[in-house]
2 protein chains.
Amino acid sequence: MIRPERIPSTEPTGPTHERVFRALRTRIMHGEITPGQAMTIRGIADEFDVSMTPAREAVRRLTAEGALSMSSTGRVTAPLLSTERIEELASIRALLEPELAARAQPRAHLALIERLQNINTTIEQTIVKNDAVGYIRANLEFHRTLYLRAQAPAMLAMVETVWLQMGPTMSALYARLQRPNAAGNHRTAIAALRVGDEPGLKLAIRADVTQGLRMLSA
Amino acid sequence: MIRPERIPSTEPTGPTHERVFRALRTRIMHGEITPGQAMTIRGIADEFDVSMTPAREAVRRLTAEGALSMSSTGRVTAPLLSTERIEELASIRALLEPELAARAQPRAHLALIERLQNINTTIEQTIVKNDAVGYIRANLEFHRTLYLRAQAPAMLAMVETVWLQMGPTMSALYARLQRPNAAGNHRTAIAALRVGDEPGLKLAIRADVTQGLRMLSA
DNA sequence: CATGCGCTTTTGTGATCACAGACCGGTGCC
DNA sequence: GGCACCGGTCTGTGATCACAAAAGCGCATG
């Protein structure tokens with residue numbers, strides 16, 4: 001194996017295939033990939049300046065998570081989801097995320113709530129600026145920040161997989177959505193978090209998750 | 001690449017890495033792997049008479065699903081789950097599977113119910129024979145057969161991932177469990193299915209999923 | 001002008017190899 | 001006798017290559 005230069009840099013660390021994997025994964029989750037967009041393993045390898053092997057493994061992991069879909073001939077594309085599939089994924093979110101929120105609630109201290117409020121401010125700014133990618137990223141950060149307190153890594157991983165699968169479609173959906181009221185739902189969630197109102201919290205999260213679905217039929 | 005013999009056999013079809021992947025996956029899901037058991041990529045490759053490449057990809061996909069865990073140095077083992085992790089996975093099942101059952105219920109016709117009853121008979125036999133692997137396999141087949149009618153592939157895939165993660169631990173758990181009453185829960189589920197009692201069906205499934213958890217603390 | 005058809009290029013797949021680091025002995029030292 | 005060190009071996013990682021099949025494409029034909 002040829003290692004032309006040994007860079008002791010402060011890069012993310014980890015094997016090459018993981019670096020490629022993480023880069024592609026966040027790209028997909030943030031909606032920076034157009035649904036139906038075709039990708040080639042060699043193209044990915046060239047882009048990251050690695051050989052085919054790690055690129056292939058990254059693609060495999062992503063297809064295993066449903067983030068990418070692979071035709072029978074092996075062509076790799078970002079999946080474009082049918083309406084039923086999106087409804088299904090939203091249902092999963094609606095089932096799991098309130099539970100995660102409820103589990104996080106007793107452990108949520110003041111610093112966390114303030115962080116959530118800050119993130120929500122960022123979300124409002126992205127809405128004003130019509131910044132789709134920034135909105136998706138901040139919105140996910142809000143949810144992840146809350147759910148991390150739930151101490152339920154498997155459940156969080158599962159929800160993240162759903163986010164990942166919806167990623168490419170979400171940005172396409174954002175285009176036809178002028179003013180998402182996620183910030184409002186988040187505010188009521190934060191308020192419920194403050195007073196320890198678990199049913200209210202679960203309802204707010206469920207509403208937040210379900211809300212994006214309504215624009216599908218519209 | 002050397003293809004020593006072109007076998008036009010009726011084998012499962014598909015690329016080599018997928019064949020290896022499926023074989024390992026069902027092996028793990030059926031609890032035929034001891035938790036903590038170490039595996040090597042070269043060992044897998046030798047066992048299936050393939051090179052390292054497809055073996056590696058199969059392992060990657062499985063680790064991506066949480067079916068295998070990989071240490072920082074790259075050693076591959078079947079994960080041994082903490083009690084909290086098992087509780088968490090069971091919670092996911094308890095959230096998703098009743099929903100799947102409810103979605104399957106309006107589409108469940110008589111032939112399906114009879115198939116479920118047949119599978120349940122098999123389950124009872126495996127209990128009598130103390131056949132752990134057979135029990136797990138039949139039990140999963142019962143649930144999968146029902147959920148396939150839900151027409152919710154993403155949700156089913158998610159639940160299967162959970163089954164996969166619990167696989168190695170399940171068989172170890174079965175050892176200390178004399179007579180699982182899954183068959184009883186399944187019977188009430190079937191009865192609820194017959195009369196179209198959705199709340200009863202969801203409760204029966206939830207009970208069936210949660211039941212296995214009680215023996216953890218015992 | 002549309003539509004097959006054959007060729008060229010591209011692409012995924014799997015095997016093989018070189019290398020670095022981890023693992024696991026034994027062996028010598030304290 | 002216990003423990004640290006050191007060697008060989010094993011194992012994961014990544015690059016490279018050969019091959020088959022699919023995809024793109026131009027050309028000739030109806």
Side-chain angles (χ1 to χ4, degrees), chain A residues 1-9 11-25 33 36-80, chain B residues 1-9 11-25 28 33 36-79:
Chain A
M1 184 171 56
I2 301 171
R3 292 182 188 276
E5 37 184 310
R6 176 47 107 183
I7 307 174
S9 70
E11 278 180 8
T13 76
T16 306
H17 67 86
E18 178 132 352
R19 186 165 50 86
V20 175
F21 168 73
R22 294 217 177 277
L24 288 177
R25 186 184 149 101
I33 306 285
Q37 185 176 123
M39 320 178 64
T40 67
I41 292 178
R42 278 182 173 85
I44 294 170
D46 287 353
E47 180 186 346
F48 289 91
D49 234 312
V50 298
S51 85
M52 291 178 56
T53 311
R56 234 190 321 177
E57 302 196 359
V59 168
R60 283 263 180 275
R61 288 175 66 178
L62 289 167
T63 56
E65 286 193 81
L68 295 177
S69 90
M70 225 160 163
S71 79
S72 59
T73 67
R75 299 296 296 263
V76 180
T77 62
L80 66 167
Chain B
M1 183 172 55
I2 302 172
R3 293 182 187 276
E5 36 184 312
R6 175 47 106 183
I7 306 176
S9 70
E11 280 180 6
T13 77
T16 305
H17 67 86
E18 178 132 353
R19 187 166 50 85
V20 176
F21 168 73
R22 294 218 177 276
L24 288 178
R25 186 185 150 101
I28 293 171
I33 306 284
Q37 183 177 124
M39 319 177 64
T40 67
I41 293 178
R42 278 183 173 85
I44 295 171
D46 287 353
E47 179 186 346
F48 288 92
D49 233 311
V50 298
S51 84
M52 291 178 54
T53 312
R56 233 190 320 177
E57 304 196 1
V59 168
R60 283 262 181 277
R61 288 174 66 178
L62 290 167
T63 56
E65 285 193 82
L68 294 177
S69 89
M70 225 160 162
S71 79
S72 59
T73 67
R75 299 297 296 263
V76 180
T77 63

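All values derive from a computational prediction rather than experimental measurement. Letters A, B, ... mirror the listed sequences (proteins, then strands); counts begin at 1.
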Rounded to the nearest Å, what distance is computed from the [atom1] atom of residue [X] to the [atom2] atom of nucleotide [N]?
| X | N | atom1 | atom2 | value |
| --- | --- | --- | --- | --- |
| Asp46(A) | dT16(D) | CG | P | 11 Å |
| Glu47(B) | dT11(D) | CD | P | 14 Å |
| Ile44(A) | dG14(D) | CD1 | P | 15 Å |
| Ile41(A) | dT10(C) | CD1 | C1' | 13 Å |
| Arg61(A) | dT13(D) | CZ | C1' | 14 Å |
| Leu68(A) | dG12(C) | CG | P | 12 Å |
| Arg75(A) | dA20(D) | CZ | P | 20 Å |

Next on the checklist: For DNA chain C, which residues of residues 48-58 of chain A approach it to below 4.0 angstrom with any heavy atom?
Outcome noted: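 Residues of residues 48-58 of chain A that come under 4.0 Å of DNA chain C are, in numerical order, Met52(A), Arg56(A).
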Looking at every heavy atom in both [X] and [Y], which two are closest together, and how far apart are they?
| X | Y | answer |
| --- | --- | --- |
| Ile33(A) | Ala78(A) | CG2-CB, 3.6 Å |
| Met52(A) | Ile41(A) | O-CG2, 4.0 Å |
| Thr77(B) | Ala38(B) | CG2-CA, 3.8 Å |
| Ala58(A) | His17(A) | CB-O, 3.9 Å |

Checklist entry - In chain order, what residues pass the side-chain contact (heavy atoms from CB on, under 4.5 Å) check against Ser72(B), with sequence neighbours excluded? => result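 By the side-chain contact (heavy atoms from CB on, under 4.5 Å) rule, Ser72(B) matches no residue at all.
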Item to check | Listed partners of Pro79(B) passing side-chain contact (heavy atoms from CB on, under 4.5 Å), at least two apart | outcome: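 Partners of Pro79(B) under the side-chain contact (heavy atoms from CB on, under 4.5 Å) test: Ser69(B), Leu81(B).
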Checklist entry - Closest nucleotide of DNA chain D for Ser71(A) versus for Gly74(B): which of these residues is on the 5' side? => result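 Its nearest nucleotide lies further toward 5', so the answer is Gly74(B).
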Item to check | Nucleotide nearest Thr16(B) (side chain, heavy atoms from C-beta), chosen from dG14(C), dG12(D), dT13(C) | outcome: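 Between dG14(C), dG12(D), dT13(C), the one nearest the side chain of Thr16(B) would be dG14(C).
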Next on the checklist: Among dG14(D), dT11(D), dA22(D), which nucleotide has an atom closest to any side-chain atom of Thr73(A)?
Outcome noted: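 Nearest to the side chain of Thr73(A) among the choices is dA22(D).
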Checklist entry - Roughly how far, to the nearest 0.5 Å, is the CG atom of Leu62(A) from the CD atom of Glu57(A)? => result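 CG of Leu62(A) is found 12.0 Å from CD of Glu57(A).
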Checklist entry - Looking only at side-chain N and O atoms, does Arg42(A) come under 4.0 Å of OP1 or OP2 in dT13(C)? => result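 Negative; the distance criterion is not met.
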